[in-house]
Amino acid sequence: MTEIPKAYEPQSVEAKWYDFWNKEGCFTADAASSKPAFSMVIPPPNVTGILHLGHVLNNTIQDILARRARMQGFEVLWLPGTDHAGIATQVVVEKRLKKEEHLTRHDLGREKFVERVWKWKEKHGGIIINQLKKLGCSCDWTRERFTMDERYSKKVAEVFVDLYNKGLIYKGKRMVNWCPVSLTALSDEEVIMKPQNGKLYYFQVEVAEEPGTFLTIATTRPETIPGDTAVAVNPKDERFSRFIGKHVIRPIPVELPREQKLIPVVGDEAVEFEFGTGVLKVTPAHDKVDFEIGKRHHLPFIEVINADATMGELAGNDLKGLDRSVARKKSVEVLTSLGAMVKEEPYQNNVGYSERADVPIEPRLSEQWFLRYPSQKEARDVVNSGELKFYPSRWAKVFEHWMVNIQDWCISRQLWWGHRIPVWYKDGEMRCQVTSPGEGWEQDHDVLDTWFSSWLWPFATMDEATFKKFYPTTVLVTAPEILFFWVARMIMAGFEFIGKKPFKDVYLTGIVRDKLGRKMSKSLGNSPDPLDLIARFGADAVRMGVMRAAPLGQDLLFDEQQVELGRNFCNKLWNACRFRQMQGGEVEGEINPALLTGDDKWILSRLDTCIREVNKAFDDYNYAEAVHVLYRFFWNEYCDWYVEAAKASLNSGDEKLKANTVAVIDFILSNTLRIFHPLLPFITEELWQGMGYSKDMPENQGGKTIMNAPWPKPFDKDFCEYYGLNEQMLKFTEAKYDLVVQGRNLRREGNIPSNKKVKFVLKPLTKFDERDLNVIKTLLNADPLEVAENYEPAKGTPSGRNALGEIYLPMDGLIDVEAERAKLKKLLEKCEVEIKRIEDRLNNPNFSQKAPAAVLEENRKRLTEWQQKQKQSQDALAALGA
RNA sequence: GCUCACUUAGCUUAGUGGAAGAGCGCUUCCUUCACACGGAAGAGGUCAGAAGUUCGAAUCUUCUAGUGAGCACCA
């Protein structure tokens with residue numbers, strides 16, 4: 001590192017290193033490697049997708065996992081790719097077509113339109129991939145896949161044929177969720193229930209057999225009256241059971257002759273006494289529950305709503321052609337004019353909305369393909385037994401709940417963009433096979449639900465050699481929103497088609513919200529653009545900010561301040577390395593144990609703790625904790641204490657001592673950079689190379705890139721012995737720092753500016769060596785630091801004390817005996833309270849008999865400490881005079 | 001309606017039975033030679049409420065209140 005800017009400038013280094021890694025093949029997995037495998041498949045973003053903070057969270061976690069695993073000696077595959085996203089993509093291209101050429105897809109025709117989508121994909125589909133690169137994601141781009149790749153598509157068709165042959169896929173006319181905008185069926189998972197403020201309309205119908213007798217019916221959908229083919233009551237309902245078997249006169253369409261308006265009253269247990277009037281109108285063609293009732297009582301199915309949610313011919317003269325919402329108002333008018341309206345009241349209910357088009361779905365009778373889920377038992381067993389783990393574990397329950405209530409999956413979509421259903425028709429004959437049976441066979445017009453291809457992602461993306469080495473994958477990292485859409489289905493597919501689970505662990509991230517706890521959304525405008533954040537703060541800062549804010553198992557409240565903190569941290573790391581550079585000397589010299597100071601040993605020991613804690617946090621997928629540990633170690637322990645203390649040695653004039661200190665610094669920094677690399681890949685590479693730590697190193701020791709440097713290991717026993725790391729030394733050093741804090745406090749209380757050198761007196765109660773005294777002097781900015789075993793302070797000299805000794809700040813003419821006395825009294829009070837509390841506890845026979853020995857020991861030790869402190873304070877108070 | 005989370009300092013949160021911790025923010029001081037994207041010292045908490053178990057509860061149990069999510073839905 002020659003020219004070192006004062007502040008870290010991420011913009012100038014990120015692209016450089018990403019290109020370097022990519023060009024050097026650092027991300028490419030070797031299927032022939034003898035190293036143990038670590039593999040992940042990326043949750044494929046939609047090709048239409050644009051990077052949002054959810055992706056950042058998700059992919060940063062995966063990148064951390066991948067980079068750490070590489071450093072730990074695994075052969076890592078992180079397989080990237082994109083999803084063709086049926087509806088989403090088709091809608092995007094259709095909109096564009098309409099805007100730019102005023103054409104609909106029907107104007108172009110199916111073949112031409114699909115061609116257009118492909119062209120669009122080639123041109124715009126890679127945006128999100130490039131964004132992931134900006135974030136630093138170390139995906140194996142040589143293996144990038146798309147769910148409509150030729151090989152992948154073939155696999156999808158084969159799976160369909162296989163399931164068909166097993167009798168799990170069937171075609172049937174059923175009630176499906178119909179999206180009147182996209183004009184396609186949807187699966188239950190694509191329907192979102194939303195509360196609506198609507199109205200409950202009460203109208204009456206005359207009983208045909210008893211003229212003058214009326215039944216009142218409550219409904220939210222009066223426009224479906226023309227489709228009613230019965231009225232249902234609960235057979236146990238004494239108010240109405242006598243009407244069962246009779247008929248009522250359906251009021252709409254008004255123009256029909258009386259005999260065509262007669263519909264039967266049926267008895268069905270599904271009708272609830274309490275709701276509305278207890279009388280239910282039954283519209284078998286347009287409601288799920290009514291469909292079931294209709295089947296039970298063999299009622300006719302009259303379709304009165306068209307595919308586009310306008311009213312059909314059978315709705316009658318008053319309603320036909322109207323949109324469903326207009327028809328609702330119109331039907332109320334008609335009922336009113338007939339004198340059939342009783343009342344309407346405000347009513348809140350839930351209505352299913354199409355996830356993509358955001359309009360109410362229409363339950364619609366339609367011919368679709370369905371899948372009875374395969375390998376359900378295996379999927380449930382593997383999760384229940386803990387053989388496949390969810391993190392956090394509560395998601396396993398949510399998974400189980402869904403599996404228990406699982407419904408057949410409607411897999412056909414009336415779209416053009418997607419995998420076409422591999423079924424062929426000719427002369428009323430039907431065949432299910434991957435390729436056309438030959439001349440004259442026409443393929444089914446529908447395509448498959450996008451998720452029908454996504455659920456094969458963990459293996460359909462892998463070639464034979466890759467599969468052999470890397471399946472099953474190690475861990476899947478994804479958002480909980482797609483637990484049912486994707487995760488559950490992949491588990492079943494894994495068992496059905498491979499006979500093995502697709503991944504060992506599933507880590508479900510939180511949902512990213514804004515700092516007020518609201519979901520990120522375009523309409524709220526509270527969703528920051530990650531690329532903008534990267535441009536302003538750097539990718540490392542964004543990664544750190546997001547990771548720091550992600551508490552385990554909970555949603556993440558994002559605030560730009562977090563990213564700012566990440567940037568500040570990078571700057572700190574940068575400057576700490578700069579400080580090392582300014583010391584000069586040999587890079588990574590040998591550490592001589594004989595020359596180690598207490599501070600050196602302390603920071604080495606803290607590094608060891610840091611490595612252990614970070615490893616545990618990463619193994620638990622606890623990223624916020626890992627960041628917290630790293631932050632504490634590097635900023636609070638290394639920079640705030642060690643570097644400041646080391647300045648005493650560095651400026652001592654003792655060249656050997658200085659060289660040894662620099663060697664310790666190099667050791668710490670080399671480990672720090674490596675342990676930070678998964679989180680902060682760019683800055684650590686820049687510093688690794690710039691500091692010269694890569695120099696003369698073999699490739700597997702980080703010679704080419706920090707990516708290949710070994711992951712730091714906790715120290716073993718021999719290491720600790722060799723360098724003299726022990727508990728006693730740590731305690732001493734920490735007590736030394738405590739004395740410093742107390743001394744600084746005196747300075748603050750005495751209103752002495754921190755940049756002013758001032759005389760401190762240390763009255764030692766134990767032996768300090770020269771270097772320790774020098775450190776205390778440096779840290780206190782004391783000059784001189786007088787050491788006097790028999791120091792007799794003037795009355796009122798501000799003081800602090802602990803087991804190592806007493807520290808005084810003599811102040812000429814500014815002695816405030818009262819203040820010092822008050823301080824000591826306050827301390828004594830605290831001592832009394834604590835001593836009493838601990839004594840009471842120890843004197844309680846129940847406690848001393850039942851508490852574990854370690855706890856007892858701990859309490860006794862604490863008691864001694866407080867008593868010692870009490871004694872010291874009493875002495876000091878006595879010295880002040882009464 | 002059912003299920004599951006969550007409630008600790010102004011904010012975001014760590015803490016699964018044995019002295020209430022962190023970051024941000026706040027107060028005061030400091031441009032001293034790595035860093036003002038910085039340094040130093042502080043203030044701030046009846047751990048949502050109640051009852052119980054225990055020698056001992058932020059932590060376990062039960063109830064209550066609030067917040068959030070998922071599932072099921074009544075026309």
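All values reported here derive from a predicted model rather than from experimental measurement. Atoms considered below: every heavy atom in the structure, side chains included; atoms not considered: hydrogens, waters and symmetry mates. Order of the sequence lines sets the chain letters (A, B, ...), proteins ahead of strands, with each chain counted from 1.
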Determine the contact category for A:C639: base if any of its heavy atoms lies under 4.0 Å from a base atom, sugar-phosphate if only primed atoms, P, OP1 or OP2 are that close, otherwise nothing. base

For atom C1', what is the distance between B:rU46 and B:rG42, given to the nearest Å? 23 Å

For A:V332, the side chain to side chain contact (heavy atoms under 4.5 Å, CB included) test, sequence neighbours excluded, returns A:Y201, A:P222, A:T336, A:M341, A:E344

Would you check, one step at a time, whether the test salt bridge (charged side-chain N to carboxylate O under 4.0 Å, His left out) holds for A:K236 with A:E269? CA-CA 8 Å; A:K236 289 182 188 147; A:E269 308 252 332; 3.6 Å; yes

Distance check, C1' atoms only: B:rG25 and B:rG44, in whole angstrom units. 12 Å

For the side chain of A:R578, counting heavy atoms from C-beta on, which of B:rC35, B:rG23, B:rC30 is nearest? B:rC35

For A:D599, which residues count as a salt bridge (charged side-chain N to carboxylate O under 4.0 Å, His left out) partner, sequence neighbours excluded? A:K736

Taking only residues two or more places apart in sequence or in another chain, which ones pass salt bridge (charged side-chain N to carboxylate O under 4.0 Å, His left out) with A:D540? none

Between side-chain atoms of residues 852-870 of chain A and protein atoms elsewhere (two or more places apart, or another chain), which donor-acceptor pairs fall under 3.5 Å?
unit_1: A:N859; atom_1: OD1; unit_2: A:R841; atom_2: NH1; d: 2.8
unit_1: A:N859; atom_1: ND2; unit_2: A:V855; atom_2: O; d: 2.8
unit_1: A:T864; atom_1: OG1; unit_2: A:R860; atom_2: O; d: 2.8

Can you check the distance between B:rG10 and B:rA57, where both ends of the measurement are the P atom (answer in whole Å)? 25 Å

A:R239: partners by side chain to side chain contact (heavy atoms under 4.5 Å, CB included), with sequence neighbours left out: A:D237, A:F273

At a cut-off of 3.5 Å, list every protein nitrogen or oxygen paired with a nitrogen or oxygen from nucleotides 1-12 of chain B, distance to 0.1 Å.
none

Of the candidates B:rA75, B:rG38, B:rA14, the side chain of A:L280 sits closest to B:rA75

Categorize A:N405 for me: base, sugar-phosphate, or nothing, with a 4.0 angstrom heavy-atom threshold over every strand shown. nothing

Which atoms of nucleotides 18-21 of chain B (N or O only) lie under 3.5 Å from a protein N or O atom, and what are those distances?
unit_1: B:rA19; atom_1: OP2; unit_2: A:R862; atom_2: NH1; d: 3.0
unit_1: B:rA19; atom_1: OP2; unit_2: A:R862; atom_2: NH2; d: 3.0
unit_1: B:rA19; atom_1: O2'; unit_2: A:R837; atom_2: NH1; d: 3.4

Test of understanding: with ring-ring contact (aromatic ring centres under 6.0 Å, His included), list the residues that count as partners of A:Y353, not counting sequence neighbours. none

Taken in chain and number order and not counting sequence neighbours, the residues that satisfy salt bridge (charged side-chain N to carboxylate O under 4.0 Å, His left out) with A:R364 are none

Would A:K572 pass as a cation-pi partner of A:Y631, given that its NZ or CZ must be under 6.0 Å from the six-membered ring centre and within 45 degrees of the axis? no

For A:L565, which contact category applies under a 4.0 Å heavy-atom criterion: base, sugar-phosphate, or nothing? sugar-phosphate

Could you check which of B:rA75, B:rA40, B:rG70 has an atom nearest any side-chain atom of A:F484? B:rG70

Who are the side chain to side chain contact (heavy atoms under 4.5 Å, CB included) partners of A:P284, not counting sequence neighbours? A:T229, A:V282, A:L299, A:F301

Requiring both pairing distances under 3.5 angstrom, list the stems that contain RNA chain B and are made of three or more consecutive Watson-Crick or G-U pairs. B:1-7 with B:65-71, B:10-13 with B:21-24, B:26-30 with B:38-42, B:48-52 with B:60-64

Residues that A:K658 engages under salt bridge (charged side-chain N to carboxylate O under 4.0 Å, His left out), provided they are two or more places apart: none

